[in-house]
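The basis for the numbers below is simple: all heavy atoms, side chains too, and nothing from hydrogens, waters or symmetry mates. Here the structure is a predicted model, which means the values were calculated and not measured.
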Amino acid sequence: MLIRALRRFLRPYRRDVGFVVVLQFLQTIAALSLPSLNAAIIDNGVVAGDTGYILRVGGVMLAISAAQVLCAIAAVYFGARTAMSVGRDIRRATFTRVQRFSAAELGQFGAPSLITRSTNDVQQVQMVTLMTFTIIVMAPIMMVGGIIMAIQQDLGLSVLLAVVVPVLLGVMGLIAWRMGPLFKVVQKRIDRINLVMREQITGVRVIRAFNRQPTERRRFETANDELMTVNLKIGYLMALMFPVVMVILNTSTVGVIWFGAGRIDSGAMEVGAMVAFLNYLMQILMSVLMASMMFMMVPRASVSAGRIMDVLGTEPQIVAPPSPQALPARGQPLVVELDGASFGYAGADEPVLHDVSLRLAPGRTTAIVGSTGAGKSTLVNLLPRLLDVTGGAVRAGGTDVRELDPAALRERISIVPQRAFLFSGTIASTLRIAAPQATDAELWEALEAAQARDFVTELGLDARVEQGGSNFSGGQRQRLAIARALLRPADLYVFDDSFSALDYATDARLRAALPDATRGAAILIVAQRVATIRDADEILVLDDGHAVGLGSHDELMASNPTYQEIVLSQLSVQEAA
């Protein structure tokens, strides 16, 4: 999976990869030539007492060393730039794919896992890419070249290589094989840490309100300890690797000196050749050691690459058809309707919605009321095709939304979600998400309609908005989210339980301002509070996913027991009349 990912994302950088390979090859060839020149200096210069020869060959060695340094610097530059570019491209591809996911795919992976895959997993692949350019490209050239040069120095002594190199490779392979499954567990434990942290940071007020700090501390410690336990096992294996390598390395050095001394004594080998052989042995074993360090990283990067490719390989269920139908032009009436719409999650025993029909026409206010879990928000998600019906149809302008481009459909619908979310920045910037070209006058007009002008006047349009709008109260967040939605010209405005944090007076003023602010578009209000929806032109009553009533407040009060029960649980008989 790692090779597949790198093949895909390295393709645009073939030229830079070629530069790195050539530069690493030249650097390695330069490093391999130095021990032979050093042997020549010992045998032909030091032993013979030829100072001129020592200076000439020493100068050549200095020049080769300078060239090696320049090649190494250039190789690291191109390698680092390419690795960082690959990391950027993978993050961009992952982010783009996640942005296209529907609620089903987001639920399949989960937010904590997607965050880990976009950050930690990408970092692992990026690091291995960098190490590949700086180590893996050089290591095989160094090992093969070192073996060839060592054999040229002394064939008899080279028999040691046939023993040492396989032993070292075998030990490194065994350790890497043991570490591979552990790296897969590490990434899952990091997902768990992210999940716990996100829940605790998001729900910090709830935790404090119910005095659950000790419980949450233990919960985090459990997740943290589980991650530590796996990392310790990996650390033990890594700690074992270096002593084993050093034992093999030092044993090999002793063997070369032991057998080399005998060959020098018999006249079969020169002193310089033995020194050069020792240097080549060190280069060979160091190349194996560098490769083994990569073996420690490759298993984890391979797991990370697999997790990334899982995201990139998941096709969103909600996509534009090959030849999408066109919606009525802007300015023409656009009617959105549900025709026997049903929806059920994969693997669920019962659908969330059963055969619901509803018509949302321009200039009319429609409301949906029902208890928690009745399917109200699911119905809302069907309208802009955030979910696809599993039965029946949703139509816009008489066309099934599955035959439309989702982007074009969503341009015509403006939604205030159940959870009012504000992006970090300023009040002006978070409002202009809906209309980037909106003027300050248009911002104030939307704020006026959303009953947010008073507190924004005190703060100013440039007031800071923290992530999620955490520095505003619930009611202020809702009003800013409503103002943001009103800025966007749309044919249908959907308010999904968006008035729940407002007091009754503010709620009433806001609803009174909606017809003018929405410019005669269709309005859909989802609420549990009866006072919010009683003046709607039409009210749909949902109960356990079934549409059990449709009509005005007075009509439903006269004939619908479910609606009567909801109303009388909040209002007296006199107030409900």
Side-chain angles (χ1 to χ4, degrees), residues 95 98-99 111 115 198 201-206 208-209 365 377 380-381 384 386 407 410-521 523-527 529 532:
F95 176 80
V98 171
Q99 288 292 299
I115 291 172
R198 285 184 77 249
I201 292 172
T202 305
V204 63
R205 294 182 179 178
V206 178
R208 290 174 180 171
T365 298
S377 292
V380 167
N381 288 332
L386 299 177
R410 292 163 190 166
E411 282 288 335
R412 309 289 288 272
I413 301 175
S414 190
I415 296 181
V416 182
Q418 190 170 18
R419 178 171 175 251
F421 187 89
L422 304 179
F423 292 90
S424 58
T426 64
I427 292 178
S429 69
T430 198
L431 292 178
R432 285 195 172 103
I433 288 174
Q437 306 303 322
T439 63
D440 284 358
E442 290 171 329
L443 297 185
W444 285 114
E445 184 180 346
L447 290 167
E448 178 75 39
Q451 309 303 307
R453 186 183 187 99
D454 291 344
F455 77 85
V456 174
T457 300
E458 295 179 7
L459 298 171
L461 288 174
D462 293 328
R464 181 69 185 168
V465 178
E466 300 297 337
Q467 181 184 10
S470 59
N471 56 328
F472 291 95
S473 68
Q476 290 173 332
R477 282 199 300 271
Q478 283 191 342
R479 281 177 280 172
L480 289 173
I482 292 169
R484 180 177 61 194
L486 294 177
L487 271 173
R488 181 179 183 175
D491 295 279
L492 171 62
Y493 290 86
V494 180
F495 301 92
D496 185 5
D497 205 12
S498 307
F499 309 140
S500 57
L502 306 182
D503 59 73
Y504 283 93
T506 304
D507 183 342
R509 290 196 302 271
L510 198 158
R511 284 185 288 107
L514 282 182
D516 291 335
T518 56
R519 297 166 285 275
I523 299 174
L524 176 64
I525 298 175
V526 179
R529 195 161 68 185
T532 302

Considering residues at least two apart in sequence or located in another chain, which fulfil the side chain to side chain donor-acceptor pair (under 3.5 Å) criterion with [X]?
X    : result
D503 : T506
S377 : Q418, D496
S500 : Q478
S470 : none

Looking at [X] and [Y], what are the two nearest heavy atoms and their distance?
X    : Y    : answer
G474 : A501 : C-CB, 3.8 Å
I415 : P384 : CD1-CG, 3.4 Å
L502 : G475 : CD2-O, 3.7 Å
G469 : V465 : CA-CG1, 4.0 Å
A446 : A483 : CB-O, 3.5 Å
G460 : I427 : O-CD1, 3.6 Å

If you apply the rule side-chain contact (heavy atoms from CB on, under 4.5 Å), what do you find for L514 with T365, and how did you get there? CA-CA 10 Å; L514 282 182; T365 298; over 6 Å; no
Measure the shortest side-chain to side-chain distance between [X] and [Y] over non-hydrogen atoms and say whether it is less than 4.5 angstrom.
X    : Y    : answer
R484 : L422 : yes
L486 : T518 : yes
V204 : V206 : no
T426 : L431 : no
T532 : F495 : no

Residues W444, T439; criterion side-chain contact (heavy atoms from CB on, under 4.5 Å); working and verdict: CA-CA 9 Å; W444 285 114; T439 63; over 6 Å; no
State whether the number of non-hydrogen atoms from other residues, nucleotides or ligands found under 6.0 Å of [X] atom [atom1] is greater than 12.
X    : atom1 : result
E445 : CD    : no
F421 : CZ    : yes
E466 : CD    : yes

Checking the side chain of [X] only, and the main-chain atoms of [Y] only, is there a donor and an acceptor separated by less than 3.5 Å?
X    : Y    : value
R432 : A438 : yes
E458 : F455 : no
S429 : G425 : no

Looking at D497 and R419, is any side-chain nitrogen of the basic one under 4.0 Å from a carboxylate oxygen of the acidic one? no
About how many Å separate [atom2] of [Y] and [atom1] of [X], when rounded to the nearest 0.5 Å?
X    : Y    : atom1 : atom2 : answer
S424 : N471 : OG    : CG    : 10.5 Å
I525 : D507 : CD1   : CG    : 8.0 Å
F423 : Q467 : CZ    : CD    : 10.0 Å

List the residues meeting salt bridge (Lys or Arg N to Asp or Glu O under 4.0 Å) with E448, not counting sequence neighbours, and say none if there are none. R453
Could you please spell out the steps behind the side-chain contact (heavy atoms from CB on, under 4.5 Å) verdict for L461 and L447? CA-CA 10 Å; L461 288 174; L447 290 167; 3.9 Å; yes
Result block: side-chain N/O donor-acceptor pairs under 3.5 angstrom for residues 487-494, not counting sequence neighbours:
from, atom 1, to, atom 2, distance (Å)
R488, NH2, R410, O, 2.7
D491, OD2, R412, NE, 2.5
D491, OD2, R412, NH2, 3.2
Y493, OH, R488, O, 2.7
Y493, OH, A490, N, 3.2
Y493, OH, R519, NH2, 2.8

Distance-only polar pair, side chains of R479 and Q451, donor-acceptor under 3.5 Å: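 Q451 and R479 do not have a side-chain donor-acceptor pair below 3.5 Å.
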